[in-house]
Amino acid sequence: MTTTRPSRGRRRAPSRIERAAGKAAALQKPRVILAGLLLLALTSVMLLDGYLRAEVGGDQRVRTGAGTSTVPDDILDGGPILTFRGGRATTVSVPDKTIALTFDDGPNPTWTPQILAILEKYDVPATFFLVGSMVSRYPDIVKDMVAQGNEVGIHTFTHVDLSYQSDARVDREMEQTQLALAGAAGITTTLFRAPYSSKTDAIDNYSWPVYQRLGEDGYTSVFVDTDSDDWKRPGVSNIIKWATPEDGKGASVLFHDAGGERSQTIAALPTYIERMKAAGYTFTTISGVTQAQDAAARETSGQQAGTLPGGETGGAGVDGADGGTDGADGGDGGADGLLQAAHREATGLTLYEGKALVAAVTVAEWTVPTLSVGLAVVGVAVMGRFGMMLILARRHHRKRNRGRFSWGPDVTRPISVIVPAYNEKECIANTLESLARSTHPIEIIIVDDGSTDGTSEISREAAEALGMTNVRVIRQENAGKPAALNNGVRNASCDIVVMMDGDTVFEPDTVRRLVQPFADPKVGAVAGNAKVGNRDTIIGAWQHIEYVMGFNLDRRMYDLLRCMPTIPGAIGAFRRDAVLEVGGMSEDTLAEDTDITIAMHRAGWNVVYQEHARAWTEAPGSLKQLWSQRYRWSYGTMQALWKHRKSLTDKGPSGRFGRVGMPLVVLFQIVTPVFAPLIDVFTAYSMIFIDFKAALLAWLAVLCVQLVCAAYAFRLDGEKYRYLLMMPLQQLAYRQMMYLVLIHSCVTALTGGRLRWQKLKRTGEVGTPAGVS
């Protein structure tokens, strides 16, 4: 055994790479924060979209049968308009031969514009009680509605029965709808109709306190006299019949412009208006009714015409605006005056918050459907990948394991094993012990990359204890893993070099199996089968599944397609001349193994996978170390792909990789890993807001497909199936972490930065292969 030491002298200045690494390290925290903010923003958009898409269905109370002991009799027997002027509850009835036409549950992009067109044609105003979530989704319809001269009121934000909600929920439903109206049409309103309400005689002990509380805030609650029941779709004739007041009486009449299929309402409305006008009825709004009552009261009391006591209706719940203003007659039309009675101009913070809400909803309305389409495409790609992996992996296994298959004459000549090591005192002795059992002649070159823990001394002592005379220890100042590997290649005396990590152990016949493909002169590099040695923890088991299914099953596929993207650093073999031909291990990227593999393809060499050459490596034992490792891997892969982007337009072997291998790597290692975890997020979204059972079944179906693929991969590798019990949890937790890592890498790629060869904490728990099961 020989040892080469660096010459003594003045300590060198920090290299360009180290200076860049220091700068990059300082930028990591902001990038992590930015990645987290991106995820938070996406989650917020999806939650907002789901909140807005709460469906509005029938018009029946959630619970019925409550008592009315606390409700005044004059309210139960009163008119459909409930006010609390001066703090006293009073009701207002609709005058005879007058119809206050009202519509609930809108706006709807299909039905509301058709209703507005009918109203405009017949010069009839109406009062629309709007659901805030729908207002925020379709603000232009509300703007047109108000501009046409119609009146709007609040129907809560999510169409919830307020009788059984907390005070905070009631306030939130009202305030959010007011903001939506402010953002859509620049107004707020004093009118309110509770979802699932009907006539005043249906007010009970649960709902009465809500109306009292809202009345104190300045709201006028509106009920109905006549219900068309159009939401039941009883037929046009029944809708007209049920909406017609009896004996010429006035009425607050209820129709719906949303909440379901409303074609019967559209068909009935023109006939209904014509019949009512022919019967001598006039149409007005809710404000028209209250103004007519006020005018009658003034005339009776001798008050001066044109003065309104409406100031008492203003309140904190509607921006604290005064309720009174100049009135207008309550006949057909009369838009401007009528609107001023219930509507308030939104100003200040309310207006800006409303516009912000509408803008956020617009983003959600665009983002979620776009993501849905994208995820559908990704889902098809993922399923296609699984199918392709299974088919090609089976072909690869059958081809390579047939009795007649041979790479050529056995490769028996000595080879060089290069072990780059940086502070590997826990593992290096186990590595040397495993190499001492090799059934193939080897020389071992340990390149100590400036270790400070005595790695080189431990290596010498272990070699002496094992009686190994084929070990050389080369010490160099810390320069990074690529430099250590290049140093080893330059000092290798054999034409084939095997590269392995300092925390990895080989089986006795690993080297012999690994180098057999070099019997084919076209083969320039061989990827071995890296296995997780410390798989008895949850994190280790997750990585074990990933290695067997995600890496090795992939490598079988890439081998047959002749576009292997990565020779694993834990176990790979190269022709020494081929490595020198492509310029050695590059320092341009963090993934030097991916970089040189692509370079080998571009130089015309074949890169193959040898499944029977197994190496046992120590996977990261904590989430922090795992994050660090996978961040380097994913970012380095992006760097390598960008570095070799010209292969897309090259000819020959380089072009083949560029047009076959590179798209597959981009699709399967960058695009689908980013979007695949979102399938889980959308599953949760669907369970909460759409259909729980269907979403759960779809998620389980995808999981079953993955389990089938994983089980087949385990079968090919001869692994025990018990680890697959961890796979559902892996899909819920581990994959989300990998998603965040990839987002972090994408942010780094967009903002620039470099990292040095990062050292993970090792325990040395992966001993000789004989002890691994």
Side-chain angles (χ1 to χ4, degrees), residues 4 6 12 14-25 416-424 428 445-451 455-456 472-492 496-504 524-525 527-528 530 564-603 605 607 617 628-644 745 748-749 753-760:
T4 304
R12 65 177 175 85
S15 68
R16 175 181 60 84
I17 295 176
E18 289 173 331
R19 290 194 300 270
K23 180 180 179 181
S416 300
V417 178
I418 302 172
V419 186
Y422 175 71
N423 288 347
E424 298 286 0
I428 195 65
I445 302 174
I446 296 177
V447 183
D448 184 351
D449 186 44
S451 297
T455 294
S456 58
R472 281 189 288 162
V473 177
I474 301 175
R475 298 190 62 186
Q476 65 177 35
E477 291 186 355
N478 183 256
K481 186 175 182 179
L485 288 170
N486 287 332
N487 199 353
V489 171
R490 286 192 299 268
N491 284 276
I496 297 175
V497 294
V498 171
M499 299 179 185
M500 65 183 298
D501 290 337
D503 59 356
T504 302
M564 182 85 63
T566 304
I567 300 291
I571 176 170
F574 300 83
R575 291 190 188 273
R576 182 174 181 274
D577 290 343
V579 173
L580 297 176
E581 176 187 343
V582 298
M585 310 298 288
S586 174
E587 297 180 350
D588 295 338
T589 74
L590 296 178
E592 70 286 334
D593 44 8
T594 299
D595 191 351
I596 194 169
T597 306
I598 298 176
M600 298 285 281
H601 282 293
R602 298 188 68 187
W605 292 100
V607 180
T617 187
S628 178
Q629 182 196 66
R630 297 311 169 85
Y631 169 56
R632 179 175 60 84
W633 284 6
S634 59
Y635 181 40
T637 298
M638 294 178 193
Q639 289 178 310
L641 293 175
W642 180 254
K643 175 182 176 180
H644 295 283
S745 302
T748 302
R754 294 283 300 274
L755 294 177
R756 61 180 177 175
W757 179 26
Q758 297 171 326
K759 168 64 180 173
L760 300 179

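- Side-chain contact check for Ile445 versus Arg472: some heavy-atom pair is nearer than 4.5 Å.
- Looking only at side-chain heavy atoms (C-beta outward), Glu424 and Asp448 stay at 4.5 Å or farther from each other.
- Of all heavy-atom pairs spanning Asn423 and Ser451, the tightest one is N-OG, 2.7 Å.
- What you find for Met600 and Ala578 is that their closest heavy atoms are CE-CB, 3.5 Å.
- Looking at every heavy atom in both residues, Ile596 comes nearest to Met585 through CD1-SD, 3.2 Å.
- For residues 574-585, every residue pair satisfying the side chain to side chain donor-acceptor pair (under 3.5 Å) rule, not counting sequence neighbours, is listed here: Glu581-Trp605.
- Using a 4.5 Å heavy-atom threshold, the side chains of Lys481 and Asp501 count as touching.
- Remark: Asn486 CG to Ser586 OG distance equals 8.5 Å, nearest 0.5 Å.
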(request) Could you walk me through whether Val419 and Ile428 pass side chain to side chain contact (heavy atoms under 4.5 Å, CB included), step by step? (result) CA-CA 9 Å; Val419 186; Ile428 195 65; 4.1 Å; yes
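- The two atoms that bring Ala591 and Gly636 nearest to each other are CB-C, 3.4 Å, heavy atoms only.
- Between Val582 and Ala603, the shortest heavy-atom contact is CG1-CB, 3.8 Å.
- Residues Gly569 and Asp593 come closest through the heavy atom pair N-OD2, 3.6 Å.
- Listed by first and then second residue, the ring-ring contact (aromatic ring centres under 6.0 Å, His included) pairs that reach into residues 576-601 are His601-Phe657, sequence neighbours excluded.
- Atom CE of Met499 sits about 14.0 Å away from atom OG1 of Thr504, to the nearest 0.5 Å.
- Here CG of Asn487 is found 13.0 Å from CZ of Arg475. Values are rounded to the nearest 0.5 Å.
- Counting only distance, with no hydrogens or angles, the side chain of Thr455 and the backbone of Tyr422 share no donor-acceptor pair below 3.5 Å.
- At distances below 3.5 Å, at least one donor-acceptor pair connects side-chain atoms of Thr597 with backbone N or O atoms of Ile567.
- With contacts defined as side-chain heavy-atom distances shorter than 4.5 Å, the pair Gln639/Asp588 does not qualify.
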(request) List the steps, then state whether side chain to side chain contact (heavy atoms under 4.5 Å, CB included) holds for Asn491 with Ile474. (result) CA-CA 9 Å; Asn491 284 276; Ile474 301 175; 3.6 Å; yes
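- In this structure, Leu485 CG and Asp449 CG are separated by 9.5 Å, a value rounded to the nearest 0.5 Å.
- The distance from atom OG1 of Thr594 to atom CE of Met638, rounded to the nearest 0.5 Å, is 12.0 Å.
- The only option from Leu590, Thr589, Thr637 that meets the side chain to side chain contact (heavy atoms under 4.5 Å, CB included) definition with Arg632 turns out to be Leu590.
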